[in-house]
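Single-structure report; data block below.
Quick note on labels: first sequence line is chain A, next is B, and so on, each numbered from 1. Just so you know, these numbers use all the heavy atoms, side chains as well, and skip hydrogens, waters and symmetry mates.
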There are 2 protein chains.
Amino acid sequence: MTAPWQPTDGEHPRPRGVAFLLAQLGAHATGRFAERVGELGLTPPDIGLLRMIATSPGRSQQSLAADLGVVPSRVVTLIDNLDRKGLVERRRSPEDRRNHALHLTPEAERLMGEIWRVASAHEDDICSGLDESQREQLATLLGLIADRQGLTAGVHPGYRRPAHARRPDTSR
Amino acid sequence: MTAPWQPTDGEHPRPRGVAFLLAQLGAHATGRFAERVGELGLTPPDIGLLRMIATSPGRSQQSLAADLGVVPSRVVTLIDNLDRKGLVERRRSPEDRRNHALHLTPEAERLMGEIWRVASAHEDDICSGLDESQREQLATLLGLIADRQGLTAGVHPGYRRPAHARRPDTSR
DNA sequence: TATTGTTATACTCTATAACTATA
DNA sequence: TATAGTTATAGAGTATAACAATA
């Protein structure tokens with residue numbers, strides 16, 4: 001009972017192509033990662049922020065917002081969470097007292113080790129069906145696509161407006 | 001300035017591994033797809049529902065909810081949208097008048113052709129950096145992971161509770 | 001009493017806009 | 001007047017729970 005628009009469903013037990021598999025696996029990987037870091041009391045966005053601050057301490061919230069492609073007010077919320085948990089400190093910069101220089105607390109520095117362990121376990125879990133050479137092949141192919149699609153290394157588009165946020169025009 | 005928890009950032013311009021690339025590309029692919037089908041007045045969830053109904057017409061809302069791993073009340077909303085657009089019909093089943101047998105309207109049948117075209121273009125776009133053999137390789141590798149991770153063919157986990165919906169315990 | 005679908009409600013995520021302090 | 005950050009507010013997406021009709 002193959003509908004005309006369907007690409008010979010019978011021949012392919014898993015009908016959809018690379019794009020669908022990427023979407024499916026991406027959501028799966030994100031969800032599993034969220035579960036794992038959830039045990040540390042963190043969310044995936046938290047991790048990204050911590051990493052960015054660790055990489056260049058003293059950054060302003062505006063600069064984070066710009067790099068992530070989100071609105072500054074969102075960074076306020078995100079940093080508030082980390083601040084409340086005692087993981088990041090907002091230090092008023094003496095030169096320009098308008099902006100907040102962001103720094104990790106000692107506890108956060110310690111946490112980064114945990115996070116790295118969790119991320120490693122996650123990577124191994126996701127790749128568990130593949131041998132070493134397949135793993136490299138895959139990383140290469142994915143890297144090619146990421147470059148071609150113009151994705152910034154290390155910036156998860158999940159920070160930006162999510163997929164179906166914008167309701168399409170209902171007139172059709 | 002490589003922090004101790006960082007996997008030699010300098011050596012790898014794109015530091016993260018397969019898991020991160022999957023998450024990143026998955027979100028990207030989903031977003032691009034949403035843009036494309038948005039021009040047809042649809043969202044990615046809509047597409048999935050239409051496909052499931054087209055594949056087995058007469059299904060009940062409960063059965064969809066079960067397959068998608070979502071709560072029945074959500075299917076109500078989703079089907080409401082499609083109903084309002086004149087794409088799906090709820091027919092009271094004569095045997096058990098409690099459930100709604102779902103069917104595509106003729107207009108929806110026609111739309112499926114459009115959708116198929118859009119999905120094809122999307123697939124080509126996502127794979128545009130790869131040659132035919134790389135494309136096959138990639139599909140195979142992704143399929144291996146999907147199987148290993150126990151993902152149901154054709155069911156996007158995005159239907160379920162999204163990544164950071166559940167705020168982790170704030171005590172830590 | 002159990003099941004299908006629905007409505008009412010609440011919570012989270014996120015953006016927009018108005019506002020404060022500083023420059 | 002312009003900029004960094006904040007607060008107030010609103011909208012979309014989704015779950016939970018109470019409810020109606022049917023079995």
Can you name the salt bridge (charged side-chain N to carboxylate O under 4.0 Å, His left out) partners of [X], sequence neighbours left out?
X        : result
A:Arg148 : none
A:Arg59  : A:Asp67
A:Glu114 : A:Arg117

At under 4.0 Å between heavy atoms, which parts of nucleotides 18-23 of chain C does protein reach? Answer with one letter per nucleotide, 5' to 3': B base, S sugar-phosphate only, - none. ----BS
Stepwise side chain to side chain contact (heavy atoms under 4.5 Å, CB included) check, B:Leu42 with B:Leu111: CA-CA 10 Å; B:Leu42 299 169; B:Leu111 235 198; 3.8 Å; yes
Among the nucleotides D:dG5, C:dT14, D:dA17, whichever has the atom closest to the side chain of B:Ser73 is D:dA17
Taking five pairs at each terminus, the helix from C:dT1-D:dA23 to C:dA23-D:dT1 shows an axis bend, to 10°, of 30°
Given atom [atom1] of [X] and atom [atom2] of [N], what is their separation to the nearest angstrom?
X       : N      : atom1 : atom2 : answer
B:Asn81 : C:dT6  : CG    : C1'   : 15 Å
A:Asp80 : D:dT7  : CG    : C1'   : 10 Å
A:Leu78 : D:dT7  : CG    : P     : 15 Å
A:Asp46 : C:dC13 : CG    : P     : 10 Å
A:Arg74 : C:dT12 : CZ    : P     : 15 Å
B:Leu49 : D:dT14 : CG    : P     : 12 Å
B:Arg90 : D:dT22 : CZ    : C1'   : 17 Å
B:Ile79 : D:dG13 : CD1   : C1'   : 16 Å

Scan side-chain atoms only and decide if B:Thr43 and B:Asp46 contain a donor-acceptor pair under the 3.5 Å cut-off. yes
Is it true that B:Ser93 and B:Glu95 share a donor-acceptor pair across their side chains at a distance under 3.5 Å? yes
What's A:Gln61 touching, base or sugar-phosphate or nothing? Going by heavy atoms closer than 4.0 Å. sugar-phosphate
Quick one: does A:Arg92's side chain have a donor or acceptor within less than 3.5 Å of a partner on A:Arg98's backbone? yes
For A:Ala108, check side chain to side chain contact (heavy atoms under 4.5 Å, CB included) against everything at least two apart and list the hits. A:Leu87, A:Leu104, A:Thr105
Quick one: which of A:Arg91, A:Glu89, A:Arg90 gives a side chain to side chain contact (heavy atoms under 4.5 Å, CB included) with A:Leu102? A:Arg90
